[in-house]
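The block underneath contains the structure these notes are about, expressed in structure tokens.
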2 protein chains.
Amino acid sequence: MVLDDRKVKILMAIIDDYIKNAEPVGSGTIVKRYDIGVSPATIRNEMANLEELGLLLQPHTSAGRVPSEKAYRLYVNELMKKKQVGKAPISNIQDILRAKIDNPDELIREIARIVSKNTLYAAIVTKPHSEKSTIKYIQLINIDENSVLLVLVINKDIVKNHIFKANIVITQEKLDQISKVLNKNFINHSLKDINIELIHRVGVELVDYRNILAPILDVIANTIKGIDKQDCYVAGMKNILDFPEFNDLEKARDMMKFLEESEGILKILNMYQSDSDKIMVRIGSENGFSQVDKCSIISVKYNINDSMYGTIAIIGPTRMDYLNTVTLLNGLIKQVNGL
Amino acid sequence: MVLDDRKVKILMAIIDDYIKNAEPVGSGTIVKRYDIGVSPATIRNEMANLEELGLLLQPHTSAGRVPSEKAYRLYVNELMKKKQVGKAPISNIQDILRAKIDNPDELIREIARIVSKNTLYAAIVTKPHSEKSTIKYIQLINIDENSVLLVLVINKDIVKNHIFKANIVITQEKLDQISKVLNKNFINHSLKDINIELIHRVGVELVDYRNILAPILDVIANTIKGIDKQDCYVAGMKNILDFPEFNDLEKARDMMKFLEESEGILKILNMYQSDSDKIMVRIGSENGFSQVDKCSIISVKYNINDSMYGTIAIIGPTRMDYLNTVTLLNGLIKQVNGL
DNA sequence: GTTAGCACTCTACTCATTTGAGTGCTAACT
DNA sequence: AGTTAGCACTCAAATGAGTAGAGTGCTAAC
């Protein structure tokens, strides 16, 4: 069924008003605030039609109307494109982010803070990770008599270090020899390739150094584990409390809990974001988790140096400023991907 | 003025009860739940005395009594030491933490999570930092034609890396030469020593490499900036909402805001924790910030490898389980310091 | 010094009433 | 046929009176 022009106008008015004021919109309000050009009675008739189409909901008989999930979906897919964007784009943040590029933890934290500050929703940023990471370079450095620094470069430019005590005095030359063998065997191998067999082979080749080899292989193993583990940072949780839909303490608590325990969030983000590079909007029950079935999540994939991927997402009430938020993420993602 | 035995008993009963139930304690309640051995009327007389001493407060004439800040202070300084600790000490977490020791961001996050989970308050952990950090080792590594990895070891075992593109092809031998000069000039210098003059001197010595030297010195400068900047991670914000004192949404919001903006927290923690290694307890207005004048903060300094310091803190309502929390932090700090 | 008795205080809760925003329907109007 | 004024109706939210009950302070007796 195609909506005629007037129905669209009225629906838009209701969505806009509800996004702004969080209160059911009545026929009188529409006439007063929006220029539709008909009387409240006519609006009421149209609203009844829109309700029949599943686009509006009535909290109770004597209240105004509220957009349904279906209405938001229509708005996001079609209607909002016709509107002008009001807010200014996000200012240049590349310099700020570039200063943190060596430390993914700080990087995602900064991104999350920027996003939450600019949207006034809660922002979630997952740590960049990669499924096909390969070892690029291994180097052992003797930093004093019995401390050895292991430097591990993954992909283009992820560096992991670990300092450990060698229980014997070992010269830089010997370390170079070990490095050489490790590089020969591990370079360009994906982290997943490094299995017992490969480690055994290295062990045989470096049999003379077996007492120092163990901690090295340990670190490599731990790094692999660490890189595969997904993690995320959440900023702007306080924004959630500003929305009237979370005035109920019980609901606020549930939401906080959900945001602090990253598992649920990560599941949702992984479920939907893995494939597409586009900005994804998931409205209410589309998220598939009861804890967030009154929330919408907007997310987008970012990548750092073509090798590591993560997700930037915001979460807020279904009554969300989709247009400005999508626009803002669009501007942001270009800056992040261009780092 | 010295409190007699019975007054102490009654005060303890009120504090214990109020910590547990968050409701003003009346004379009847004390008789019912605690074994003082006198009638409610006598308790009332004593309570009036304790109120005169500034140890109890009455929210309104027909309500029970509530401990004052002075009472909590007395409790923390003197009374609670006589009590037995109920809760089990924190389980061994050294293995979990040791796995994160190479990444301070992950480390403090894990600590904060453990603390908040075990205390049910909000936990704040500052990033380890040092005022007298010195450069321990600098190494430049050629990882492919025009990518150079700079490894910077600070103190015993903080490692910072940065990969940058050299706009010329440069061999490992040349990089070694540069490393040598850098080490000669920078090793054992405190980060604060590295000033324009020193940098200039290095520039002269390495005049042949001036086009690659700039990014290197940049990274060193940035690292210095980064290490000096304090930062913290907060976990368990949702716990705050579980306390009846934050049932008021306005208060909950203020608290969340305070916890998400780290400046205030860092100020408080720095103000009090900088000198002592002991566990510090600051009650209500002692914190000096109006946003937390209904909260208590318990904090303790931790150190990693004798060179980097940070603070572990919890924040909760003044009505807080001081004894168990202090005990738990005591057990925790030993494990963290022993990493 | 301790306690029973009692009048008094004050909050928190209950329940009936009112208010007002908003609706749906009908009949008249264009 | 579409639009609109009029009106009875609905229901949440606000208001306000009344009540219950926890707890006090004081006095007089033990």
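Numbered from 1 within each chain, the chains take letters A, B, ... in sequence-line order. Side chains are part of it too, since the values below use all heavy atoms of this structure and drop only hydrogens, waters and symmetry mates.
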Do the side-chain N or O atoms of A:Thr29 get closer than 4.0 angstrom to the phosphate oxygens (OP1, OP2) of C:dG22?
yes

Whole-Å distance separating the CD atom of A:Gln58 from the C1' atom of D:dT10:
10 Å

Think B:Thr42 has a side-chain N or O under 4.0 angstrom from the OP1 or OP2 of C:dT3?
yes

Touch check for B:Thr61, heavy atoms < 4.0 angstrom, all strands: base, sugar-phosphate only, or nothing?
sugar-phosphate

Selected nucleotide, minimal atom distance to B:Arg44 side chain, candidates C:dG22, C:dT23, D:dT24
D:dT24

Between C:dG1 atom C1' and B:Asp5 atom CG, what is the distance in whole Å?
17 Å

CA sep, side-chain torsions, deciding dist, call: B:Lys7, B:Asp4, salt bridge (Lys or Arg N to Asp or Glu O under 4.0 Å)
CA-CA 5 Å; B:Lys7 279 196 182 61; B:Asp4 61 60; 3.1 Å; yes

Just compare C:dC10, C:dG24, D:dT24 and give me whichever is closest to any side-chain atom of B:His60.
C:dC10

Could you state the atom-to-atom distance from CG of A:Asp4 to P of D:dG2 in whole Å?
11 Å

In Watson-Crick or G-U wobble terms, both distances under 3.5 Å, what is the partner of D:dT27?
C:dA4

Tell me which of A:Pro24 and B:Ala41 sits closer to the 5' end of DNA chain C, going by the nucleotide each one is nearest to.
B:Ala41

Whole angstrom value for the distance that separates P of C:dT2 from CD1 of B:Ile43
11 Å

Over how many whole Å does the gap from A:Met47 atom CE to D:dT4 atom P extend?
14 Å

So, does B:Ser62 get its side chain near the phosphate of D:dA22, meaning an N or O under 4.0 Å from OP1 or OP2?
no

Should the pair B:Arg73-B:Glu286 be classified as a salt bridge under the 4.0 Å nitrogen-to-oxygen rule?
yes

So that I can tick it off, tell me whether A:Asp321 and A:Lys20 are bridged by a salt bridge, with the cut-off set at under 4.0 angstrom between side-chain N and carboxylate O.
no

Using distance alone, with no hydrogens and no angle criterion, decide if A:Asp16 and A:Tyr34 have a side-chain donor and acceptor under 3.5 Å apart.
no

Taking OH from B:Tyr18 and P from D:dG23, how many angstroms apart are they, rounded to a whole number?
14 Å

Now, which nucleotide makes the Watson-Crick or G-U wobble pair with C:dT19, with each of the two distances under 3.5 Å?
D:dA12

Return the value, rounded to whole Å, for the distance between atom CD of A:Glu23 and atom P of C:dA21.
12 Å

Kindly say if B:Arg6 contacts the phosphate of C:dT2, meaning a side-chain N or O under 4.0 Å from OP1 or OP2.
yes

A:Ile30 has an atom CD1; how far is it from atom C1' of C:dA21, in whole Å?
14 Å

Carboxylate-amine/guanidinium proximity below 4.0 Å for B:Glu245 and B:Arg319
yes

Of A:Glu51 and B:Ser39, whose closest DNA chain C nucleotide lies nearer the 5' terminus?
B:Ser39

